[in-house]
Student: 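Quick one: structure below, then a few questions.
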Amino acid sequence: QKFVQLSSQGAVIFALYAPHSPSSLQMLEGVQKLVDSAAGSMICAAVDVTKLPEAAQAFGVSGVPAGVAVLAGRPAPIYTGPVSAEDLGDVLSQVLQLAAQYQLPGGFDPVVPEDEKPLPPLHAEAVAALDRGDLEGARAAYRKAIAENPGDKEAKLGLEQVELLARVKDLDMATERAAAAADPMNIDAAFNVADLDLVGGHVEDAYNRLLRLFSAVGPDDKACVRERLVQLFDVVGASDPRTVKARAALTMALF
């Protein structure tokens, strides 16, 4: 809401992302660089949809990456899915032209989150490893953090996200979808498609696929499907409304 109010001063670019979606993190970085180069003419509001799903709902966004420009309280989608740096630059230039027409000059100062705290050393090591594409290094750092503090929920979440990225690293979406469509009882294919959907920001699609699978498989396979669902719940977050809804559906299916 604070950033929407700032749109009466200049263009506010809401960059919606999820920590488990590499493409959305890459888009966020690109948006921030272009906004920084605009020298205060616009401002970037980074929105983690796993923590603020209501923001995605308010903007009508169903997946990440996604971007919305708000001018004088009026939102306008500017990208859905990954776009090139050149295309993003063109779009933001058009946003600035529109802001000038609305007589919204900007003049923003850098915004520093009030509650931002430095990451613990092992968490910072894991994040740096992820930035390098070193999944094994990130995995090792999070595991060490958990070994030192078994109650470290953020490290456990980070590890789940790393494991998800490792699972999808070499998957091809078209191949996995074809396998799942050819055999709805193919557990491995269903797991792979659900993982890919989650990384792409399609949380409800991932949950619904595995909930349908849980209801369809025999007693011997229910435990592993339930375990994968719980893993995805941990990645998205227990308080996310989509997780709350899916967990309730799973509980009902258990009985």
Side-chain angles (χ1 to χ4, degrees), residues 13-35 44-68 77-85 87-88 91 119 123 126-135 137-139 142 154-177 180 190-210 228-243 245-246:
I13 310 300
F14 285 84
L16 285 75
Y17 73 98
H20 55 262
S21 169
S23 62
S24 71
L25 293 172
Q26 185 176 6
M27 284 299 301
L28 171 61
E29 182 180 358
V31 171
Q32 289 177 325
K33 285 182 179 178
L34 287 170
V35 169
C44 176
V47 181
D48 180 349
V49 297
T50 65
K51 293 181 178 179
L52 286 173
E54 61 270 23
Q57 293 167 5
F59 287 131
V61 170
S62 60
V64 292
V68 179
I78 55 174
Y79 63 85
T80 301
V83 299
S84 69
D87 288 343
L88 181 60
V91 170
L119 290 173
H123 290 234
V127 171
L130 284 174
D131 287 343
R132 299 193 303 271
D134 180 8
L135 295 179
R139 182 185 285 124
Y142 280 131
E154 292 298 323
K156 291 178 180 178
L157 172 60
L159 182 59
E160 290 287 0
Q161 292 173 345
V162 170
E163 298 297 354
L164 172 65
L165 293 175
R167 292 198 301 266
V168 303
K169 184 171 180 282
D170 298 318
L171 295 180
D172 176 72
M173 175 63 88
T175 301
E176 300 303 329
R177 284 200 183 280
F191 282 4
N192 290 342
V193 175
D195 283 346
L196 288 163
D197 276 340
L198 198 71
V199 169
H202 304 290
V203 175
E204 290 178 327
D205 289 343
Y207 285 169
N208 290 337
R209 177 177 294 275
L210 295 191
R228 178 55 62 89
L229 262 168
V230 170
Q231 288 175 347
L232 299 191
F233 291 164
D234 289 340
V235 170
V236 176
S239 62
D240 188 292
R242 296 165 295 186
T243 300
K245 180 180 177 182

Student: Quick check: closest heavy atoms across Arg139 and Ala166, and the distance to 0.1 Å?
Tutor: NH2-CB, 3.4 Å

Student: Given side chains that start at C-beta, do those of Val49 and Tyr17 come closer than 4.5 Å, heavy atoms only?
Tutor: no

Student: For Gly137 versus Ala129, what's the shortest heavy-atom pair and its separation?
Tutor: C-CB, 3.8 Å

Student: Nearest heavy-atom pair of Ala15 and Cys44: which atoms, and what distance?
Tutor: CB-SG, 4.3 Å

Student: Is there a side-chain contact between Leu130 and Leu135 in this structure, where contact means two heavy atoms from C-beta onward sitting under 4.5 Å apart?
Tutor: yes

Student: Looking at residues at least two apart in the chain, or sitting in another chain, which of them share a salt bridge (Lys or Arg N to Asp or Glu O under 4.0 Å) with Asp197?
Tutor: Arg177

Student: On a heavy-atom basis, which atom in Leu16 and which in Ala56 lie closest, and how many Å separate them?
Tutor: CD2-CA, 3.8 Å

Student: Measuring from Ser62:OG to Gln57:CD, what's the distance to the nearest 0.5 Å?
Tutor: 11.0 Å

Student: Can you list everything that forms a ring-ring contact (aromatic ring centres under 6.0 Å, His included) with Tyr79? Sequence neighbours excluded, please.
Tutor: none

Student: Would you indicate whether the side-chain heavy atoms of Asp195 and Arg228 approach each other to under 4.5 Å?
Tutor: yes

Student: Output yes when Arg167 and Glu163 qualify as a salt bridge under the 4.0 Å nitrogen-oxygen rule, no when they do not.
Tutor: no

Student: Quick check on Gln32: does its CD atom have over 12 non-hydrogen neighbours (other residues, nucleotides or ligands) under 6.0 Å away?
Tutor: yes

Student: Is any side-chain heavy atom of Thr50 closer than 4.5 Å to a side-chain heavy atom of His20?
Tutor: yes

Student: Between Met27 and Leu88, is a side-chain contact (heavy atoms from CB on, under 4.5 Å) present by the stated rule, with each step listed?
Tutor: CA-CA 9 Å; Met27 284 299 301; Leu88 181 60; 4.2 Å; yes

Student: As an exercise, state the distance from CG of Leu198 to CG of Leu210, rounded to the nearest 0.5 Å.
Tutor: 9.5 Å

Student: Measuring from Leu165:CG to Ser21:OG, what's the distance to the nearest 0.5 Å?
Tutor: 9.0 Å

Student: Quick check for you: to the nearest 0.5 Å, what is the distance between Leu229 atom CG and Phe191 atom CZ?
Tutor: 8.0 Å

Student: Considering all heavy atoms of both residues, which atom of Ala155 and which atom of His123 are nearest to each other, and what is their separation?
Tutor: N-CE1, 3.5 Å

Student: Enter the distance from Leu196:CG to His202:NE2 here, rounded to the nearest 0.5 Å.
Tutor: 10.5 Å

Student: To the nearest 0.5 Å, how far apart are CD in Glu29 and CG in Leu34?
Tutor: 11.0 Å

Student: Do you know the tightest heavy-atom contact between Ser24 and Pro65?
Tutor: CA-CB, 3.5 Å

Student: Less than 4.5 Å apart, side chain to side chain, heavy atoms only: is that true for Leu157 and Gln161?
Tutor: yes

Student: With a 4.5 Å limit on heavy-atom distance, are the side chains of Thr243 and Asp234 in contact?
Tutor: no

